[in-house]
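Worksheet for the structure shown next.
Every chain is numbered from 1 and lettered A, B, ... according to where its sequence line falls, protein lines coming before strand lines.
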Protein chains: 2
Amino acid sequence: MKRDSRLSSVLHALLHMAEQDGPVTSETLAQCMNTNPVVVRRTMGLLREVGIVSSAKGHTGGWTIAADLGAVTLRQLHEALGEPAVFAIGNRNETPECLVEQAVNSVLDDAFAEAEALLLKRFETVTLADLAVDFARRHAEWRERRTIS
Amino acid sequence: MKRDSRLSSVLHALLHMAEQDGPVTSETLAQCMNTNPVVVRRTMGLLREVGIVSSAKGHTGGWTIAADLGAVTLRQLHEALGEPAVFAIGNRNETPECLVEQAVNSVLDDAFAEAEALLLKRFETVTLADLAVDFARRHAEWRERRTIS
DNA sequence: TTTCATGTAACTTCAATTATTACAATTCGA
DNA sequence: TCGAATTGTAATAATTGAAGTTACATGAAA
């Protein structure tokens, strides 16, 4: 199964944008993420719809973060992407007549719902600002290692 | 993304087998699960490797449960199926050089690992016997409803 | 007015599960 | 012993959804 990596992608893009002063073009983001500008526009467009980023056409155009880094959670980003299916495992038939299959679905659905709830709760506690701090720490460590060697 | 429904499938199959006296053929299981006998063989073959079911060729052949229903957990079945990826969401690049992406991966990996651990812990607490009981309850309810109306 | 950039539709590629076909191997019953 | 029933398995196609690509229209700034 091909995994949906859009959440990972937009986080990567947003943190790079946070490091920049002005707008960043789709072309630049695409290069730094080894992907295609059109894919960037498509995905970032979803974030624009909920006001997390803004875009401008023409010269000096590109993408800009339009919200406070501390106010944007992973959960909001997940929702902005259309709340894609979290699990790669699922029921064969969501509305079976067979009572055996109903019993199976019920147990599996409960377990998956519990795990998804935990994941989304955790997503609520992480903001872009948190990630920026984490990146800054890694960057400082990296500089230190480079100085020593 | 196409979801892996083999866990759901084998549970369905195993509970149907538990209701039966003798062996059940791949053909019968395939019909009751709206799938193909070869798919059944392929999937059940994985369960046979860990001793949960046994198979016999020829006349009067087919599949039989080889373990105690109370001793087989969802977790064991998940493992027997090769521990397929639980999540449909993942990182774009698992071993990035980019420090930004490393920070992103780290946060996401932690969150997913936590949710997966919860899911598997829950899978450990559910046995085939539990599911059989749940099915029996549903069956009794269904009979009652039918008698009333 | 030219160039740079987004916006978007249409289509192709890609990866993974699932389905199908074909046939070999085995076992039981008549 | 023969033959039908059944599993075992390789090879291949269908399916599905994300990701990638092409093409072109639109808009803004130099």
Side-chain angles (χ1 to χ4, degrees), chain A residues 1-10 12-13 17 20 22-49 53-64 66 78 81-94, chain B residues 1-10 12-13 17 20 22-49 53-64 66 78 81-94:
Chain A
M1 168 180 317
K2 197 166 209 171
R3 294 165 99 180
D4 180 343
S5 61
R6 287 177 302 162
L7 181 58
S8 167
S9 290
V10 298
H12 192 177
M17 286 162 64
Q20 289 285 328
V24 183
T25 66
S26 306
E27 182 67 39
T28 303
L29 289 175
Q31 276 176 8
C32 107
M33 297 160 66
N34 282 316
T35 180
N36 191 290
V38 177
V39 174
V40 172
R41 287 186 201 117
R42 205 151 51 198
T43 315
M44 297 298 282
L46 296 171
L47 303 192
R48 184 186 47 219
E49 284 177 14
V53 299
S54 61
S55 61
K57 291 181 175 176
H59 273 263
T60 74
W63 299 89
T64 315
H78 176 65
L81 295 176
E83 299 194 73
V86 168
F87 295 105
I89 299 179
N91 296 326
R92 153 170 300 271
N93 178 349
E94 287 302 334
Chain B
M1 165 182 318
K2 199 165 208 169
R3 293 165 100 180
D4 181 342
S5 61
R6 287 177 305 162
L7 182 58
S8 167
S9 290
V10 298
H12 191 177
M17 286 161 65
Q20 289 284 328
V24 184
T25 66
S26 306
E27 182 68 40
T28 303
L29 289 175
Q31 277 175 8
C32 106
M33 296 160 67
N34 281 315
T35 181
N36 191 290
V38 178
V39 174
V40 171
R41 284 184 204 121
R42 205 151 48 199
T43 314
M44 297 298 282
L46 297 171
L47 304 192
R48 184 186 48 219
E49 284 177 14
V53 299
S54 61
S55 62
K57 291 180 176 178
H59 273 263
T60 74
W63 298 89
T64 316
H78 176 66
L81 295 175
E83 301 194 72
V86 167
F87 295 105
I89 298 179
N91 297 326
R92 155 170 299 270
N93 180 348
E94 286 303 335

- Item | side chain to side chain contact (heavy atoms under 4.5 Å, CB included) partners of A:T43, counting only residues at least two apart | A:R6, A:V10, A:V39, A:L81
- Using the side chain to side chain donor-acceptor pair (under 3.5 Å) rule, take B:S8 and B:S5 through it: C-alpha gap first, then chi angles, then the decisive distance, then the call. CA-CA 5 Å; B:S8 167; B:S5 61; 6.0 Å; no
Which heavy atom of [X] sits nearest a heavy atom of [Y], and at what distance?
| X | Y | result |
| --- | --- | --- |
| B:A30 | B:N36 | CB-C, 3.6 Å |
| B:T60 | B:P23 | O-CG, 3.6 Å |
| A:W63 | A:L29 | CD1-CD1, 4.3 Å |
| A:C32 | A:H12 | O-CE1, 3.6 Å |
| A:V24 | A:M17 | CG2-CG, 4.0 Å |

- Message: Can you confirm whether A:P37 sits close enough to A:Q31 that some side-chain heavy atom of one is under 4.5 Å from a side-chain heavy atom of the other?
- Response: no
Rounded off to whole Å, could you give me the [atom1]-to-[atom2] distance for the [X] and [N] pair?
| X | N | atom1 | atom2 | result |
| --- | --- | --- | --- | --- |
| B:I89 | D:dA18 | CD1 | P | 10 Å |
| B:N91 | D:dA19 | CG | C1' | 16 Å |
| A:W63 | C:dT6 | CH2 | P | 7 Å |
| A:R92 | C:dT18 | CZ | C1' | 8 Å |
| A:R48 | C:dA5 | CZ | C1' | 13 Å |
| A:R6 | D:dA19 | CZ | P | 6 Å |

- With the side chain defined as heavy atoms from C-beta on, B:D4 is closest, among C:dT18, D:dA19, D:dT7, to C:dT18
- Positions of residues 26-42 of chain B (non-hydrogen atom under 4.0 Å from DNA chain D), listed by number: B:S26, B:V38, B:R41, B:R42
- Message: If you apply the rule side chain to side chain contact (heavy atoms under 4.5 Å, CB included), what do you find for B:R92 with A:T35, and how did you get there?
- Response: CA-CA 10 Å; B:R92 155 170 299 270; A:T35 180; 4.0 Å; yes
- Task: Please check the phosphate of D:dA19 (OP1 and OP2 only) for any side-chain N or O of A:S5 closer than 4.0 Å.
- Result: yes
- Message: Across nucleotides 25-30 of chain C, 5' to 3', mark each nucleotide with B, S or - according to how protein heavy atoms within less than 4.0 Å reach it.
- Response: -SBB--
- Query: With a 4.0 Å cut-off on heavy atoms, is B:G45 in touch with a base, just the backbone sugar-phosphate, or nothing at all?
  - Reply: nothing
